[in-house]
Amino acid sequence: MHFRWRARRDLLSRHAVTSPFSTAWLRGDASALSFLPDDYRHREARARAVAAAASRAVSPALLDVLGAQNARLAPSPARERNLALLAKPGTVAVVTGQQMGLFLGPLYTLYKAASAIITARALQEETGRPCVPVFWLQTEDHDLPEIDHCVIPRPGGGPCRLALELPDAATSRAPIAHRHLGPSVLPALATLRAELESEPHAEEFLSLLERAYRPEATLAGAFTDVLSSLFADEGLVFLDPRDARLAPLAAPVHRFALQEAGALSSVLAARAEALTRAGYTVQVHVRPGSPLSFFSPDALDGPRYRLDPAEAGAWSLVGHPEGSAITQDALHAALEREPLRFTTSALLRPLLQDTWLPTAAYVGGPGELAYFAQLAPLYAHAGRPMPLAIPRARFRVLDDRTRRWLGKVGLQPDEVNGPRDALLTRLATRDAPESLETPEALEARLFGAFASELERVAGQVSAVDANLQDALRRTQGTVRVAVSRLTGRYRRALARRDATAAEQVDRLRTFLFPEDAPQERILGLPYFACRIGTRAFTKTVLAACVPFSGDSKDLTP
């Protein structure tokens with residue numbers, strides 16, 4: 001969700017096992033399905049989830065706030081119709097969400113939103129019940145280093161990283177909702193324009209960004225303005241939980257988290273242990289005895305802290321510079337008086353979401369699916385059914401420029417992700433004269449001939465002096481190292497032989513596997529919107545989304 005893949009976060013468990021749960025789950029492994037059923041694949045199970053969600057209604061107070069929050073966004077008759085549907089009994093929601101990445105962050109933000117929209121349509125068609133896509137804005141989180149940047153590809157070089165200059169980014173604990181972009185957004189926009197203004201649809205998208213991303217705007221506000229414009233025709237509804245009007249509605253969930261802290265940490269720890277025994281990495285670490293809520297002791301918009309059990313009837317604020325503590329009574333009094341001081345953790349957030357909304361399904365990425373495997377004991381303890389967990393669409397964009405480069409070097413997209421030197425060597429030897437050997441063939445020929453001679457000599461010297469065998473073994477090792485060193489130099493020479501191919505391979509790697517990661521996790525929307533067109537690219541993504549699939553595919557606008 002909004003609870004992104006936290007590969008670099010301190011919430012990630014440091015277990016020795018590293019088997020990705022989502023891979024096994026998508027593959028249908030029985031061990032993974034024992035933690036999280038793949039009900040999304042089965043029509044009957046989808047119908048049951050929709051029927052269960054339809055029995056819950058959205059409170060009038062939440063509807064009022066939703067109306068006010070969405071009224072400030074880009075005009076959208078479709079969104080107004082969806083808001084009206086949420087007020088009617090029997091309507092269900094398909095929810096997704098994300099952090100507020102600069103200029104919308106990685107491409108998968110767009111893919112999540114599109115997946116929720118297509119899933120809502122499919123469930124409505126299957127069941128006949130109104131189904132509304134909702135984007136949960138993760139404004140309670142405080143992890144600025146994950147969202148303060150955007151990466152775009154450079155056709156002539158490596159990726160271009162645009163970032164805000166926020167001096168306290170690494171140490172800030174304040175919820176994202178309260179962070180303004182500040183003056184450093186202006187040079188980031190200027191760089192973006194300089195990099196992309198020659199693309200055919202640049203003005204359309206860059207103007208949209210420049211209207212939203214102003215120094216006085218918040219990260220969340222600018223993000224929502226742009227994403228709501230992209231999906232105005234589809235009626236995507238946005239919900240920002242960091243709203244003073246919603247804090248009283250969140251209070252019962254935080255009260256439950258405080259009162260049941262010990263029991264919840266026990267059942268969640270047992271679940272984590274079971275996942276570890278099954279060979280899966282535990283996505284979210286559970287602190288013994290700690291509630292699943294954060295608390296901001298200093299100000300409503302101030303730093304938020306974890307709570308750890310201290311002496312009887314008290315809690316310590318983990319990481320607070322003054323080592324502060326608060327009594328149980330004072331904490332409950334704060335919840336009654338100022339509930340906005342409390343924010344959810346990654347594991348509590350789904351429960352809040354499904355308390356407020358009639359959620360039939362949540363659309364998430366690989367990391368979110370992994371922590372959904374941890375959630376069943378929490379929902380059971382709260383007496384609530386879990387919604388369907390549905391994998392978002394996963395795409396790799398192959399634009400016209402990338403397809404041309406692939407054609408020139410004669411590679412398939414998946415081949416580009418191999419080791420660079422090996423890939424360049426393969427390209428060099430593929431079109432080289434027949435007299436040129438591959439490095440592997442050269443090494444085998446040189447050392448093979450020497451090893452054969454050495455074996456013959458070994459038979460002779462053993463008859464003279466058995467002690468010479470050690471000298472022969474040392475010689476063999478020395479020659480092996482020398483031949484390998486020579487082969488390595490030969491390999492690099494071949495790799496340098498075609499500078500044009502090397503340049504094209506580097507361009508392809510930048511586009512398809514930037515930073516050796518999937519394209520959708522690193523590259524942002526600006527390049528693709530400026531090259532292909534904002535609405536054209538959005539419609540291409542929507543058209544390519546297959547509900548209830550979870551497959552990864554290439555996208556060719």
Side-chain angles (χ1 to χ4, degrees), residues 1-3 6 9-15 21 34-37 136 138 140-141 241 247 249-278 280-296 304-319 325-336 339 341-357 359 362 364 367-387 389:
M1 236 165 220
H2 28 279
F3 325 127
R6 313 176 79 115
R9 296 288 308 270
D10 60 348
L11 280 179
L12 187 63
S13 173
R14 305 300 184 188
H15 293 290
F21 175 85
S34 68
F35 293 100
L36 182 65
W136 183 282
Q138 184 42 298
E140 293 188 320
D141 194 67
L249 304 184
V253 174
H254 290 294
R255 189 175 300 111
F256 166 75
L258 292 174
Q259 292 173 344
E260 301 296 321
L264 288 175
S265 70
S266 294
V267 296
L268 289 171
R271 184 71 161 195
E273 184 180 351
L275 281 162
T276 300
R277 285 198 307 269
Y280 300 117
T281 299
V282 175
Q283 191 75 358
V284 181
H285 176 65
V286 179
R287 302 177 68 93
S290 293
L292 299 175
S293 298
F294 283 86
F295 179 62
S296 295
R304 64 186 200 141
Y305 296 94
R306 287 266 189 190
L307 296 161
D308 264 0
E311 65 272 10
W315 302 92
S316 63
L317 299 170
V318 181
I326 185 170
T327 66
Q328 179 86 334
D329 290 342
L331 198 62
H332 280 280
L335 181 59
E336 295 297 326
R341 289 186 182 273
F342 292 80
T343 48
T344 58
S345 64
L347 291 179
L348 188 62
R349 198 174 303 129
L351 188 64
L352 176 63
Q353 162 198 294
D354 300 334
T355 299
W356 283 355
L357 296 169
T359 311
Y362 179 79
E368 295 161 300
L369 296 175
Y371 70 69
F372 254 69
Q374 296 180 242
L375 288 176
L378 171 62
Y379 275 77
H381 201 81
R384 287 190 173 274
M386 284 183 64

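As a basis for the values below, the full set of heavy atoms in this structure was taken, side chains included, without hydrogen atoms, waters or symmetry mates.
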Mind checking what makes side-chain hydrogen bond (donor to acceptor under 3.5 Å, both in side chains) contact with [X], not counting sequence neighbours?
{"X": "Arg341", "result": "Glu338"}
{"X": "Ser290", "result": "Asp308"}
{"X": "Trp356", "result": "none"}

What's the shortest heavy-atom distance between Ala257 and Pro291, and which atoms? O-CB, 3.6 Å

Would Leu258 and Leu331 count as a side chain to side chain contact (heavy atoms under 4.5 Å, CB included) if you check the C-alpha gap in whole Å, the side-chain angles of each, and the deciding distance to 0.1 Å? CA-CA 9 Å; Leu258 292 174; Leu331 198 62; 3.5 Å; yes

Under 3.5 Å: donor-acceptor pair, side chain of [X], backbone of [Y]:
{"X": "Tyr379", "Y": "Pro350", "result": "yes"}
{"X": "Gln374", "Y": "Gln283", "result": "yes"}
{"X": "Ser265", "Y": "Gly289", "result": "yes"}
{"X": "Gln328", "Y": "Trp315", "result": "no"}
{"X": "Ser345", "Y": "Leu292", "result": "yes"}
{"X": "Glu311", "Y": "Gly313", "result": "no"}

Which residues pass the ring pair (Phe, Tyr, Trp, His ring centres under 6.0 Å) test with Phe35, not counting sequence neighbours? none

Thr343 and Arg304: side-chain donor and acceptor closer than 3.5 Å? yes

side-chain contact (heavy atoms from CB on, under 4.5 Å) with Ala330: which residues, sequence neighbours excluded? Ile326, Thr327

Might you work through the side chain to side chain contact (heavy atoms under 4.5 Å, CB included) test for Leu351 and Leu375, ending with a clear yes or no? CA-CA 9 Å; Leu351 188 64; Leu375 288 176; over 6 Å; no

Measure the acute angle between the ring planes of Tyr280 and Phe21, then classify it against the limits of 30° and 60° as parallel, tilted or perpendicular. perpendicular

Mind checking whether Phe295 and Phe342 have ring centres under 6.0 Å apart? yes

Measure the OG1-CZ distance between Thr359 and Arg384 for me, rounded to the nearest 0.5 Å. 9.5 Å

Once rounded to the nearest 0.5 Å, what's the spacing between atom CG of Leu275 and atom OG1 of Thr281? 9.5 Å

Return each pair, listed once, that meets side-chain hydrogen bond (donor to acceptor under 3.5 Å, both in side chains) where at least one residue sits in residues 250-264; pairs must be two or more places apart or across chains. His254-Ser293, Arg255-Glu336, Glu260-His381

Worked check of side chain to side chain contact (heavy atoms under 4.5 Å, CB included) between Val267 and Leu378: CA-CA 8 Å; Val267 296; Leu378 171 62; over 6 Å; no

